[in-house]
Every structure is written in C-alpha cells, then in structure tokens.
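Working notes for the structure below.
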Protein chains: 2
Amino acid sequence: MTTNQMGQTEKKYYTQFAKIHVAVDCIIFGFLENQLKILLLKRNFEPGMGKLSLIGGFVKEEESLDDAAARILYDLTGLKNVFLEQLYSHGKIDRDPGERVISVSYYALLKVQDLDHDHVKKHGARWCNIGECQELIFDHNEMVVGALHRLRRMTKSQPIGFELLPRKFTIPQLQMLYEAIYQKTFDNRNFRKKLLAMDVLEKLETKDKSSSKKGAFLYRFDKKRYNKLHQDGFLFDL
Amino acid sequence: MTTNQMGQTEKKYYTQFAKIHVAVDCIIFGFLENQLKILLLKRNFEPGMGKLSLIGGFVKEEESLDDAAARILYDLTGLKNVFLEQLYSHGKIDRDPGERVISVSYYALLKVQDLDHDHVKKHGARWCNIGECQELIFDHNEMVVGALHRLRRMTKSQPIGFELLPRKFTIPQLQMLYEAIYQKTFDNRNFRKKLLAMDVLEKLETKDKSSSKKGAFLYRFDKKRYNKLHQDGFLFDL
DNA sequence: TCAAAAGTGTTGTTGATACACCCATGA
DNA sequence: TCATGGGTGTATCAACAACACTTTTGA
C-alpha cells in the first residue's frame, strides 16, 4: 500500500514485475515542394548524439501513449489537433544502445501551411525527402518504412490524404500528393473520375492560379457528407 | 554507472525518466467445430479475479516483446512456432485498475489439432465463440474486436488462413473457415475458382472422407511456390 | 500567339457476381 | 436407391486501364 498525490491509499499489485522505459517516436509527414517529406532532428544527447533521428521522447507516468505522442508533436511543431495514429511497438532488447527502451511509433500528417517554420528550425529540425533520408539512429529507418507502408494503405482506403493539404486544394494538387506518396504517376482523367465519383468533395467557386494561368478550381473535403455515406456502407477507395 | 551480470560496466542514460509496467495480451484464434473461437482464461489473481480475460503476462527485462508473447503462448499451449503477430499497444493510464500497465496485444493463429487439450484445461482456459464471449476484463473486448478486424484484413490479402487448419485440408474446410471469419457465406464455385486460380495449393491424391461419403480431396499450401510468385509481384487475394 | 496547365469521354478488357446441375458414395 | 456433400461452367455486369484533344489565360 502506498499513498498517492490525492491522499488516497493505492494498492500496488504488480510490484514484483519489472518496469521498462517506454518512449514514443513520431514519423511526421508533410507535403512540400510537391514532395512527401518527413521531419527529422539532429540528436543532441547521448547515445547517438549528432546523428539524425525521428522526433521522440519518453512516456511519462501520468500520460497515455496517445497523449505522449501528441505532446511530443506539439513541442516540436506548436500544433494540436493533428492527425496522429499509432503504428507499431518496437521491443527488441538492444534496439537502443543506451538502455532498454520500448518505443511506440506514431505517424502524423501535417498541413505544412499551419506550421511556424522558425519554431521548427529553432529545434534543429529539418524536412527530408522520403527515400532520401540517410541513416537514422537505432531502428528509426525501419519505423519510417513501416510508416510509409501504412500511409499508402491508409490513403488508399481512408480519406486522410487531405490532412496533408490545405483545407482548400485543387485536384491537380491532390493528384501530385498521391503521386508523391506512391512514387508513380496516375492518369489524370481516371484519377479525377474516380475521385469525383465518390462525391465527397465540395467544389468551390474560386480558383487557385498559383500554378497555372488558367487556374484550377478549389475543392474542400466534405467530412459531414463522407460520414453520412460511410454510415451507409460507402467505402473510400482511390 | 552500474555493473551488469556480465561484469561489464553499463552507462545509464535514462535514469531520470519513468519506467512503466509493460504486459502482453494474446488473442489466440482457433477453428473448432466449424467456428472461429478464441482461448480465454478465468483470471486467478487480483484485480479482476474470477473474471474472463485474455491470456497475458508481464514483459521481463531480458526479453523482447515478441519473445514475451511467444513465452506466454507457449506456457498456455505448449506450442512453439505458432503464427503470432503484434496488434496494438494499449496505453490509457487507467486501463488496468490495479496499477498503470501498458499492454501490447498480439494475435495468434493455432492449429487446434496440435494442441494438448488437457494441458490447456489444466490452466483453466476455455474456447469461446467469437462474438459470443461475454464481458472481459479491462479493455480486452476492444482487443478482441481489433484482432478480428486484423484477422479479416490479413486473411484476405495474405495466405495465413492456413495457419488455422491442419497442414492437409480440403477446399470445403477452407471455405468454412473463411465463412466463420467473415460471418457470411461464399459461393462455392467462385470461392474455388479464385482460390485455385492463384495456384498456391498442391492437390494431394488422398481424400478426406470424414465429412462426406464422396470424400473431398486434400490440399496443402505450397509455401515455396507462394514465395516465388510473391517475389514476382503476385498478390494473394481472396 | 504561344506555352503551360486544366479539364473532359469513349472503348476494350478484365475480374466479380450470380446462378443450377451432375457426381460419387455409404448407409 | 437415395440422401449428402463434392465438384464443375457460363453469362452478365461493373470497374479499371488506356488513350488524345480542347480550353483558358498570362506573358
């Protein structure tokens, strides 16, 4: 029996069992310069000081895994309410040469326009093209590979690609995003057809002229409509 | 600095950070009486003594997550080399009313014929129809739901359904397994057609007469052939 | 006026679904 | 001989892939 902060007595049931350091590591995706990128840090503490790594940190006693991931994401980006999903738990004994640490990886989808790039730079973080990020510490490369696979699976069957774009976006933008994710080109007629047939995008009256003289119509993902369709058994599929 | 069992000095990098109890819980699937079932225990310690729960245990300091899951599975079933895959890590602070415990769930696919049922019974475990298992402790019902979703996704796109059947099985058996997993019936002509077209089953000369007078031909999953096809880009899909 | 990106329809092919009867055998 | 489960083929329909030209407009 011990007494906790609230003054209540607490029964300890599991004192005979080991406790282990638990960390979370975040694979933060962003879509910049028509490329899919992830946010990396130069590690500024041992072990592995100076090497590139994902953004991570230890889980505190008084926070859930999800809360820990959101906190770490917030500390680096200053953003809340970001798409964030658990990926996998890495449990090899020697994965961290310092001490034993179990790491739970999460992946996040950022709207980079919402980001204060100075804030990020202050932390020494940099955007790195997926597929071009060098050797990361520990098993972080594995985590990135896993995150990319998951991202591909999810963007195919769930309407989450929009999380990487501004709230208003054009069809060509969305197509370029998918081409960056899958590293292949899509036929633009087929892409539009399939996308618009799902009827989850709201066409706006304004055009985005930033990437062509003609301008492309802006669209917005209609989440309400998607939810309604989804309840009736509709499946997003691109 | 501390000294470990090997007499080497070890640097402790993370002493300032919290450690947490980590457990694994296994959703053990089996195919009995043409039903998909999971193996459950009456819990014999507090908290939650007497209630139904998944098979679980704490992760030891000197074992990986995967090893812990395999150990717990082995202790209950006496089986090794069982299909076992990590599912999800459950990290809410109060999920275990005893103390804070993070639980990593795994799901296993057993060939029930390999099982020593007496050994299992000695541990007080019982098979329970999926969908009919009452209230389990903590968040274990959630885990079961997650495992079933994962099983459905995986058996559709990977040749792992065979893990739930004897090495030699008939097509009608396999179809009944899939019907039990998806809780719906399949057209037997279409099922066979699609299955055999994938060309990953080896037809044997013997028949299984246990469920009909005519008898049904036995087949064996040809893993070598599957691996070869898979390397060339073939995707299993049922 | 021309370069550059946005936008649009049709056709052939392929894979999925739906569906009904004969076969082999033991009781 | 008959009841039971095993095994087979075809026709229809929907979804996907392949493909080329017109439109708009700022420079």
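A, B, ... follow the sequence lines: proteins, then strands. Residue 1 opens every chain. Everything quoted here is computed from the prediction, not taken from an experiment.
Atom CG of A:D208 is separated from atom P of D:dT25 by 14 Å (rounded to the nearest Å). We find that NZ of A:K214 is positioned 21 Å from P of C:dT1, with the value rounded to whole Å. Between the NZ atom of A:K209 and the P atom of D:dA27 there is a distance of 10 Å, given to the nearest Å. Put simply, CZ on A:F217 is 14 Å from C1' on C:dA5, counting in whole angstrom units. A:Q173 places its CD atom 11 Å from the P atom of C:dG7, with the value rounded to the nearest Å. Rounded to a whole Å, the CG atom of B:L235 is 18 Å from the P atom of C:dT14.
Scanning both residues, B:H90 and B:D139, for their nearest heavy atoms gives CB-OD2, 3.6 Å.
The stretch residues 185-207 of chain B comes close to DNA chain D through B:N188, B:R189, B:R192, B:K193, each having a heavy atom under 4.0 Å from the strand.
Contacts of B:F236 classified as ring pair (Phe, Tyr, Trp, His ring centres under 6.0 Å), with partners at least two apart in sequence or in another chain: none.
Using cut-offs of 30° and 60° on the angle between ring planes, the pair A:F162 and A:F169 is parallel.
Ranked by how close their nearest DNA chain D nucleotide is to the 5' end, B:A216 and B:K213 are led by B:K213. The residue among A:D237 and A:G215 whose nearest nucleotide of DNA chain D lies closer to the 5′ end is A:D237.
A distance of 6.0 Å or more separates the ring centres of B:F234 and B:H230. Residues B:Y107 and B:F83 place their aromatic rings such that the two centres sit under 6.0 Å apart.
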Without placing hydrogens or testing angles, list every side-chain donor-acceptor pair under 3.5 Å for residues 27-42 of chain A, not counting sequence neighbours.
| unit_1 | atom_1 | unit_2 | atom_2 | d |
| --- | --- | --- | --- | --- |
| A:E33 | OE1 | A:K37 | NZ | 2.7 |
| A:K37 | NZ | A:N129 | OD1 | 3.3 |

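A:S211 comes within contact range of the sugar-phosphate backbone alone, with a heavy-atom separation under 4.0 Å but no base atom that close.
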